[in-house]
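All remarks here apply to the structure that follows.
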Amino acid sequence: MQIAIEVNGERREVPEGASVAELLALIGLAAPKVAVERNLEIVPRSAWASTQLAPGDRLEIVHFIGGG
Amino acid sequence: MDGIPQRNAPVDGAADERLVDEGWTVAGRRFRSRLVVGTGRYKDLPETQRAIEASGAEMVTVAVRRVNLSDASQPMLQDFVPPDRYTYLPNTAGCFTAQDAVRTLRLAREAGGWNLVKLEVLGPPPFLYPDMAATFEAAAALIADGFEVMVYCADDPVAAKRLEEMGCVAIMPLGAPIGSGLGVANPFMIRAIIAQAKVPVLVDAGIGTASDAALAMELGCDAVLLNSAIAHAGDPVRMARAMKAAVEAGRDAFLAGRMPRSAAADPSSPTGGLIRRDTV
């Protein structure tokens, strides 16, 4: 069973019950320096494994890039 | 060799402890380099790395953006500009509201794990001039949330003082619009801001070439923040080196104190003892 969420503005399907940590693994993000926001709330790194995704969740996954 | 200074003699004063730059301190962190550089607008990441190395900067600004979901394995800034060697200063570039700026920096704090940030809330193109009402609002929210805020602001002494009183850890007035390369458009206002400030003042934005950076330092700035002047130079690595030297020269000139200006000539050579043709 898949659920639909939105990640960085794109619709995406993930297995029901998947956590934030599992989503990052699905995307292939091993990078240590990313931050995750779920429905406008920061999900601390320590809570990635225990935070389950729900249908309709809107996530932002960001990192540092070059800037002035 | 008698009487001829040796090539390696400490003629530059480096051996004189009084002349060694102690550096500057912001929010309890000490930096020897008075040049803060951006990491954007370079051709590629290896060029970014070489230019930043040549600049001698210890603090670099970085932007916070969405991860590319379709290619999460692409090279990352931190592989070329390692955060354990450089102090990352996350910015809020591209934020036009206080809410967006605060949200961006909360994400930056989570991604990087530190509180020192650069706040900039911009007005509309073509000038991207600081939106001071929104900047005050965002600064208040960030300070209440435990951030240490280095703030990009208008070259307005009243606004600058208010930001300092709110608790901002550094005041960063623009020299000229972001990316314009116009230099320090209003040196009198920059000097006024410096004269009253008890926290570090940096000219941020507008620097176009080395003499602009030297001028900012001669005005008494604690440091200079720039990006495009290096990244958009014909040879960014060489310009990075020029900026390093300019900031050091400008600081020394400020400390040395310039000579007074005069509208008339004042010869350096003695006026007495001149040879004369005998007159009959």
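Computed from heavy atoms alone, side chains included, the values below leave out hydrogens, waters and symmetry copies. Throughout, a chain's letter reflects where its sequence line sits, starting with A, and its residues are numbered from 1.
Looking only at side-chain heavy atoms (C-beta outward), Leu174(B) and Asp155(B) come within less than 4.5 Å of each other. Counting heavy atoms from C-beta outward, Ile42(A) and Val36(A) have side chains that stay 4.5 Å or more apart. Residues Val121(B) and Pro130(B) have side chains not in contact (no heavy-atom distance under 4.5 Å, counting atoms from C-beta outward). Side chains of Leu119(B) and Val149(B) form a contact here, defined as non-hydrogen atoms less than 4.5 Å apart. Between Met150(B) and Cys168(B), the closest side-chain pair of non-hydrogen atoms is not below 4.5 Å. For the pair Gln2(A) and Val14(A), the minimum side-chain heavy-atom distance is 4.5 Å or more. Contact check for Leu163(B) versus Cys153(B): side-chain heavy atoms found under the 4.5 Å cut-off.
Both the backbone and the side chain of Ala108(B) come within less than 4.5 Å of a heavy atom in chain A. Both the backbone and the side chain of Val7(A) come within contact range of chain B, judged by heavy atoms closer than 4.5 Å. The contact between Ile61(A) and chain B is made by backbone and side chain atoms together, counting heavy-atom distances below 4.5 Å.
Checking side-chain atoms of Trp24(B) against main-chain N and O of Pro200(B) turns up no donor-acceptor pair under 3.5 Å.
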Mind running side-chain contact (heavy atoms from CB on, under 4.5 Å) on Glu137(B) and Thr135(B) for me, showing each step along the way? CA-CA 5 Å; Glu137(B) 186 187 340; Thr135(B) 299; over 6 Å; no
Decide side-chain contact (heavy atoms from CB on, under 4.5 Å) for Val237(B) and Asp235(B); before the verdict, give the C-alpha distance in whole Å, the side-chain angles of both, and the deciding distance to 0.1 Å. CA-CA 6 Å; Val237(B) 176; Asp235(B) 179 345; 3.9 Å; yes
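For residues 82-100 of chain B, a heavy-atom distance under 4.5 Å to chain A picks out Pro83(B), Tyr88(B), Pro90(B), Asn91(B), given by residue number. Residues of residues 35-57 of chain B placed with any heavy atom under 4.5 Å of a heavy atom in chain A are listed by number as Gly38(B), Thr39(B), Gly40(B).
Salt bridge Glu6(A)/Arg58(A): present, at least one basic N to carboxylate O contact under 4.0 Å.
Contact count against chain B (heavy-atom pairs under 4.5 Å) is highest for Gly67(A) among Gly68(A), Ala35(A), Gly67(A). Interface check for chain A: of the options Val62(B), Val60(B), Ile178(B), the most heavy-atom pairs under 4.5 Å are formed by Val62(B). Of all the listed residues (Thr61(B), Val67(B), Asp204(B), Val64(B)), the one sharing the greatest number of non-hydrogen pairs under 4.5 Å with chain A is Val67(B).
Each of Arg66(B), Arg103(B), Arg106(B) was scored for a salt bridge (charged side-chain N to carboxylate O under 4.0 Å, His left out) with Glu37(A), with one residue passing: Arg103(B).
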